[in-house]
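The block underneath contains the structure these notes are about, expressed in structure tokens.
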Number of protein chains: 2
Amino acid sequence: MASLDRSIVANVPIFASLSPDELDAILRDARSVRYPKDGAVFDQGTEAHSFFVLLHGHLRVEKTTPQGQQIVVRYVSAGELFGVAQAMALKHYPATAIAVVDSVALAWPSTLWPELIAKFPALAAGALQTVGSRLQDSQARILELSSEQVEQRVAHALLRLAKQAGRKVEHGVEIDFPISRQDVAEMTGTTLHTVSRILSAWEQQGLVEGGRQRIVLRDPHKLFGIAEGHGK
Amino acid sequence: MASLDRSIVANVPIFASLSPDELDAILRDARSVRYPKDGAVFDQGTEAHSFFVLLHGHLRVEKTTPQGQQIVVRYVSAGELFGVAQAMALKHYPATAIAVVDSVALAWPSTLWPELIAKFPALAAGALQTVGSRLQDSQARILELSSEQVEQRVAHALLRLAKQAGRKVEHGVEIDFPISRQDVAEMTGTTLHTVSRILSAWEQQGLVEGGRQRIVLRDPHKLFGIAEGHGK
DNA sequence: CCGGCAGCTTGCGCTAAAGCAAAGTCCACC
DNA sequence: GGTGGACTTTGCTTTAGCGCAAGCTGCCGG
């Protein structure tokens with residue numbers, strides 16, 4: 001059991017530089033938790049009691065405005081560190097994390113973070129890198145929202161999803177978890193209706209293949225063209 | 001000279017927890033550089049040779065798409081850490097930093113970062129916090145771009161600018177550096193024309209007072225109302 | 001096996017804001 | 001003190017994509 005944990009955790013970039021002994025020491029303080037599909041791992045605004053590494057499954061991280069508008073911040077896949085609010089000096093989680101399929105995560109009490117980085121300075125560097133790459137992602141998204149048309153943004157979003165959680169299937173690459181038109185809309189700053197229209201049009205052209213909470217990319221290369229603006 | 005530096009650097013959150021001796025040690029490796037108005041501190045895509053703390057002045061950080069579209073990522077004010085690409089494991093600066101007024105910064109060679117955080121673990125924690133708060137900002141901006149109308153976004157942008165770099169003047173709060181309509185457009189994902197129209201309308205109602213590269217907020221409270229959507 | 005509902009599609013009209021075009025206006029520099 | 005260019009304003013036209021509305025479909029639970 002413990003060795004299973006160690007082997008999967010070894011692939012987490014933030015833990016990669018640690019020795020097996022160090023890994024075991026860190027894993028001693030973790031507990032493994034199971035989240036059923038549609039279960040919340042944590043809720044926006046609640047106290048940031050833990051930080052996590054996802055062992056298995058997929059999470060949707062979403063954020064709601066005071067006015068009730070909702071956006072999808074990102075999806076978390078196995079091996080990723082998440083819920084590190086405390087490390088950024090936040091008392092409360094700034095977003096909600098929901099399991100989109102049955103999932104399993106390792107959880108550490110947030111209070112342990114300071115000792116852990118004191119004992120393993122590489123952890124701090126790793127966390128900085130994790131947060132840094134998320135910052136990059138966010139800024140790329142701001143650029144997209146500022147300068148691209150909806151069609152390009154949807155293409156970009158699908159390509160990113162395929163890269164992060166794509167599974168090769170017979171006719172292309174399928175997003176490896178249930179995702180609705182509404183979810184895509186909340187990732188791209190548009191509406192359910194517009195996403196549906198775009199996907200329908202693409203399906204006509206054989207670029208994608210759809211279904212209820214299912215998206216398969218049949219021609220990623222052409223989609224990439226659309227994302228880059230050569231589509232129109 | 002050194003003591004002047006130490007006193008201003010003591011206000012930088014990331015250095016706040018260090019003792020005077022430690023501060024002096026860190027400052028020994030820094031050089032102070034002057035950037036004239038409109039001068040570049042670093043350029044997007046170039047090697048990330050240094051990281052910086054701004055001592056005096058204001059910088060505009062901007063990012064350009066492959067297609068040539070440009071956005072303003074943020075403004076940097078005195079006391080802020082910036083250019084920490086290397087800490088996030090980036091080889092190249094992901095954006096360009098331009099002095100919008102004559103400015104002075106402390107610069108350290110990026111290569112020093114690993115030793116510095118090894119010697120002063122608080123630095124890593126501080127950097128994590130800095131990057132974390134930028135991530136928060138970025139995500140707030142994504143939310144705005146996804147869910148708000150242009151008018152609300154412009155109101156939010158002005159309020160943020162006023163908070164960060166506002167100077168009390170007779171009739172309100174003035175943004176303390178030259179900023180064009182174009183700049184505001186690039187902060188809010190809209191066009192020069194739309195910003196100009198909005199500001200003109202607000203000027204009519206006495207909410208703001210304009211001018212060439214000059215913006216004064218005369219009624220921040222009402223602007224806040226617009227930002228929250230109670231405007232219309 | 002069937003009913004109902006969550007998720008999806010599609011048509012239509014509307015509007016916010018972009019694009020285009022043409023004048024101001026102010027400042028800096030000669 | 002004048003002149004050119006950068007910055008701004010403003011009118012008009014166009015359009016992407018939103019909001020509303022109605023109907024469809026496939027899945028899950030009974």
Check the orientation of B:Phe52 and B:Tyr93. Use parallel for under 30°, tilted for 30 to 60°, and perpendicular for over 60°.
tilted
I'd like the 5' and 3' limits of the part of DNA chain D contacted by chain A, with heavy-atom contacts below 4.0 Å.
D:dG17 to D:dC27
Counting only heavy atoms not in A:Gln205, do more than 12 sit closer than 6.0 Å to its CD atom?
yes
Length of the CD-C1' vector between B:Glu148 and C:dA16, whole Å:
15 Å
Using OP1 and OP2 only, check whether a side-chain N or O of A:Ser180 sits under 4.0 Å from C:dA6.
no
So which of residues 193-211 of chain B are in contact with DNA chain C, with a heavy-atom cut-off of under 4.0 Å?
B:His193, B:Thr194, B:Arg197
Using atom CZ of A:Arg214 as one end and atom C1' of C:dA6 as the other, report the distance to the nearest whole Å.
17 Å
The criterion is salt bridge (Lys or Arg N to Asp or Glu O under 4.0 Å); which residues satisfy it with B:Arg153, sequence neighbours excluded?
none
Using a distance-only test with no angle check, is there a side-chain donor-acceptor pair under 3.5 angstrom linking A:Glu209 and A:Trp202?
no
Atom CG of A:Asp183 and atom P of C:dC8 are separated, to the nearest Å, by 8 Å
Rounded to the nearest angstrom, tell me the gap between atom CZ in B:Arg181 and atom P in C:dT25.
15 Å
With sugar-phosphate meaning primed atoms plus P, OP1 and OP2, does A:Arg212 contact a base, only sugar-phosphate, or nothing at under 4.0 Å between heavy atoms?
base
All pairs passing ring-ring contact (aromatic ring centres under 6.0 Å, His included) where residues 55-79 of chain B contributes a residue, at least two apart:
B:His58-B:Phe177, B:Tyr75-B:Phe177
Check the pair A:Asp43 / A:Thr46 against side-chain hydrogen bond (donor to acceptor under 3.5 Å, both in side chains), numbers first and verdict last.
CA-CA 6 Å; A:Asp43 282 295; A:Thr46 61; 5.6 Å; no
So how far off straight is the helix from C:dC1-D:dG30 to C:dC30-D:dG1, going by the axes through five pairs at either end, to 10°?
50°
N/O donor-acceptor pairs under 3.5 Å from side chains in residues 64-72 of chain B, not counting sequence neighbours:
unit_1, atom_1, unit_2, atom_2, d
B:Thr64, OG1, B:Gln70, NE2, 3.3
B:Thr65, OG1, B:Gln67, N, 3.3
B:Thr65, OG1, B:Gly68, N, 3.1
B:Thr65, OG1, B:Gln69, N, 2.9
B:Thr65, OG1, B:Gln69, O, 3.3

